[in-house]
Amino acid sequence: MEKQAFGIVKTLNKHGFIAYFAGGCVRDKLLKKVSPDIDIATNAKPSDIEKIFEKTFPKGAAFGVMSVLIDNHEFEVTTFRKEGCYSDGRHPDHVEFTDEKQDAFRRDFTINGMFHDPLKKKVIDYVGGKKDLKKKIIRAIGHPEERFSEDKLRMLRAIRFASSLHFKIEEDTFVAIKKMAHEINQVSFERIRDEIVKILVSGNARKGFELLDDSGLLMNILPEISAMKGVEQPPQFHPEGDVFVHTMMILEMLRKNVSADLAVGALLHDVGKPTTFTIKERIRFDGHVEVGAEMAGKICRRLKFSKKTTDHVVELVKQHLKFKDVRKMRESTLKRFLRQDGFEDHLELHRMDCLACHGDLSNHSLCKEKLEYFRKLDLKPVPLLRGKDLIELGLKPGPHFRLILNYVEDAQLEGRVQSKEDALLLAQKHSKKL
């Protein structure tokens with residue numbers, strides 16, 4: 001990818017234009033990290049870019065943004081610009097093409113405001129990015145409130161960069177975030193969701209969410225998580241502290257690039273506890289799993305997660321306490337539990353949940369052992385009977401068919417029936433009890 005990007009810069013240079021690598025890819029290069037994308041900034045205008053390169057398309061030509069396709073890879077090539085007011089808190093009302101220095105000063109953070117000239121192999125830094133990178137500081141360029149007024153999402157991006165890079169947020173920048181945190185909901189839920197997920201999978205999710213909390217952003221984007229603070233738990237089961245502390249301990253265990261579904265499930269697994277808190281013979285959270293599953297679904301839909309992700313997260317929340325019953329489950333019930341789609345996420349959430357409280361992993365170990373053993377068999381055998389077989393027995397179709405077929409499948413999973421003939425006899429016998 002860098003070779004193709006180098007070629008774009010070289011081509012623009014040959015046509016008399018200045019062109020540099022810009023933004024995050026420069027930061028990553030200085031940190032000796034591989035950047036997923038390489039953006040290019042230039043004094044060439046969109047019309048020039050369109051003439052010079054064979055495959056282009058406008059990505060926001062009015063804002064100076066063009067895409068250039070090289071070897072099926074898309075490179076964003078943007079004209080140096082300065083920006084007008086941001087009436088919607090996201091897009092500039094207008095842009096004015098300018099030089100590289102003014103372009104640097106319109107960017108968000110100093111560590112993202114540098115250029116790299118790949119032809120001369122040098123970094124061009126007008127904003128003090130190299131210095132802040134060395135000090136591991138996230139600092140807004142210019143006046144922080146102005147930068148955040150232009151695009152409110154930058155407040156979340158500051159938190160994300162601090163967590164993913166293990167940096168600190170500069171004091172004035174953080175003060176501005178705290179002051180403006182209530183304005184974050186001017187940003188679309190989709191953009192907020194994407195930043196939340198990036199924080200969760202950064203490998204430093206706990207720090208990210210503690211910064212969200214300290215800044216006031218958490219209360220505004222996920223009040224259900226903020227509500228966990230101070231909600232005590234029975235110390236005999238949760239010596240670690242309140243629900244928020246427990247959740248943060250789990251986030252601390254999330255590995256870098258963990259699946260987003262598991263990460264969101266981990267964040268929301270106890271979301272129902274604050275509303276179900278009661279004190280009887282001890283602190284109790286009766287029904288928190290059911291309440292939490294419903295809340296998790298609403299949160300996922302609010303943040304515009306896909307239906308597939310939403311359904312999986314809801315199941316993670318709904319089933320996270322089932323592990324305490326695995327030793328009492330019938331073999332057929334256990335097999336159904338272990339064979340469900342995405343069970344690896346359920347198992348990992350259970351492991352983290354245990355480590356964040358009592359530390360007992362015996363049920364986790366049992367499930368791993370059983371899963372390994374059952375995989376040598378068939379956790380999803382071809383059903384011995386189907387609905388048409390029950391009709392041939394002379395039974396009238398109805399809701400009871402599912403009960404009969406489940407009963408027969410239980411027997412099949414437990415090895416009590418192995419042939420269709422035996423299954424038919426069992427179905428006929430059981431139907432008389434319904």
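Predicted model only: the values in this text are computed from it and were never measured.
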Tightest non-hydrogen contact, residues Cys25 and Asp37, listed as CB-O, 3.4 Å
Below 4.0 angstrom, N of the basic side chain to O of the carboxylate: do Lys207 and Glu210 qualify? no
Any heavy-atom pair between the side chains of Leu366 and Arg327 that's under 4.5 Å? yes
Closest non-hydrogen atoms of Phe174 and Ile159, given as atom of the first, atom of the second and distance, are CE1-CD1, 4.4 Å
Could you tell me if the side chain of Lys256 sits less than 4.5 Å from the side chain of Val201, heavy atoms only? no
Quick one: which residue pairs count as a ring-ring contact (aromatic ring centres under 6.0 Å, His included) with a foot in residues 224-264, not counting sequence neighbours? His238-His246, His246-His269
Inspect the contact between Glu195 and Arg154 and indicate whether a charged nitrogen and a carboxylate oxygen are less than 4.0 angstrom apart. no
Identify whether the distance between the nearest side-chain nitrogen and carboxylate oxygen of Glu150 and Arg106 falls below 4.0 Å. no
Do Arg139 and Asp132 meet the salt-bridge criterion of a basic N to acidic O distance under 4.0 Å? yes
Considering only NZ, NE, NH1 and NH2 on the basic side and carboxylate oxygens on the acidic side, decide whether Lys307 and Asp311 come within less than 4.0 Å. yes
Look at Arg191 together with Asp194 and state whether they make a salt bridge at an N to O cut-off of under 4.0 Å. no
Answer yes or no: is there an ion pair linking Lys82 with Asp103, defined by an N-O contact shorter than 4.0 Å? no
Salt bridge check, Arg339 against Glu409: does any charged N sit closer than 4.0 Å to a carboxylate O? yes
Show the nearest heavy-atom pair for residues Gly129 and Ile111, with the distance to one decimal. O-CG2, 4.0 Å
Determine, for Glu145 against Lys179, whether the closest basic-nitrogen to carboxylate-oxygen distance falls under 4.0 angstrom. yes
What residues form a ring pair (Phe, Tyr, Trp, His ring centres under 6.0 Å) with His73, not counting sequence neighbours? Phe75
Under 4.0 Å between a side-chain nitrogen and a carboxylate oxygen: does that hold for Asp422 and Arg416? no
State whether Glu190 and Arg193 are salt-bridged, where the test is any N-O pair (Lys NZ or Arg NE/NH1/NH2 against Asp/Glu carboxylate O) under 4.0 Å. no
Taking the cut-offs as 6.0 angstrom to the six-membered ring centre and 45 degrees off its axis, would you call Lys273 and Phe285 a cation-pi pair? yes
Charged N-O contact under 4.0 Å between Glu74 and Lys59: yes
Cationic tip of Lys335 above Phe374 ring, under 6.0 Å, 45° of axis: yes
Distance-only criterion, 3.5 Å: show the donor-acceptor pairs between side-chain atoms of residues 27-34 and protein atoms not counting sequence neighbours.
from  : atom 1 : to     : atom 2 : distance (Å)
Arg27 : NH1    : Asn112 : OD1    : 2.6
Asp28 : OD2    : Ser35  : OG     : 3.1
Lys29 : NZ     : Glu2   : OE2    : 3.2

Residues two or more places apart in sequence or in another chain: which of them pass side chain to side chain contact (heavy atoms under 4.5 Å, CB included) with Lys368? Leu347, His364
Is Lys380 salt-bridged to Asp341, going by a charged N under 4.0 Å from an acidic O? yes
With sequence neighbours excluded, residues passing ring pair (Phe, Tyr, Trp, His ring centres under 6.0 Å) with Phe209: none
Please work out whether the ring planes of His350 and Phe323 are parallel, tilted or perpendicular, with thresholds of 30° and 60°. parallel
Pairs where residues 211-223 contributes a residue and the test side-chain hydrogen bond (donor to acceptor under 3.5 Å, both in side chains) is met, not counting sequence neighbours: Asp213-Lys229
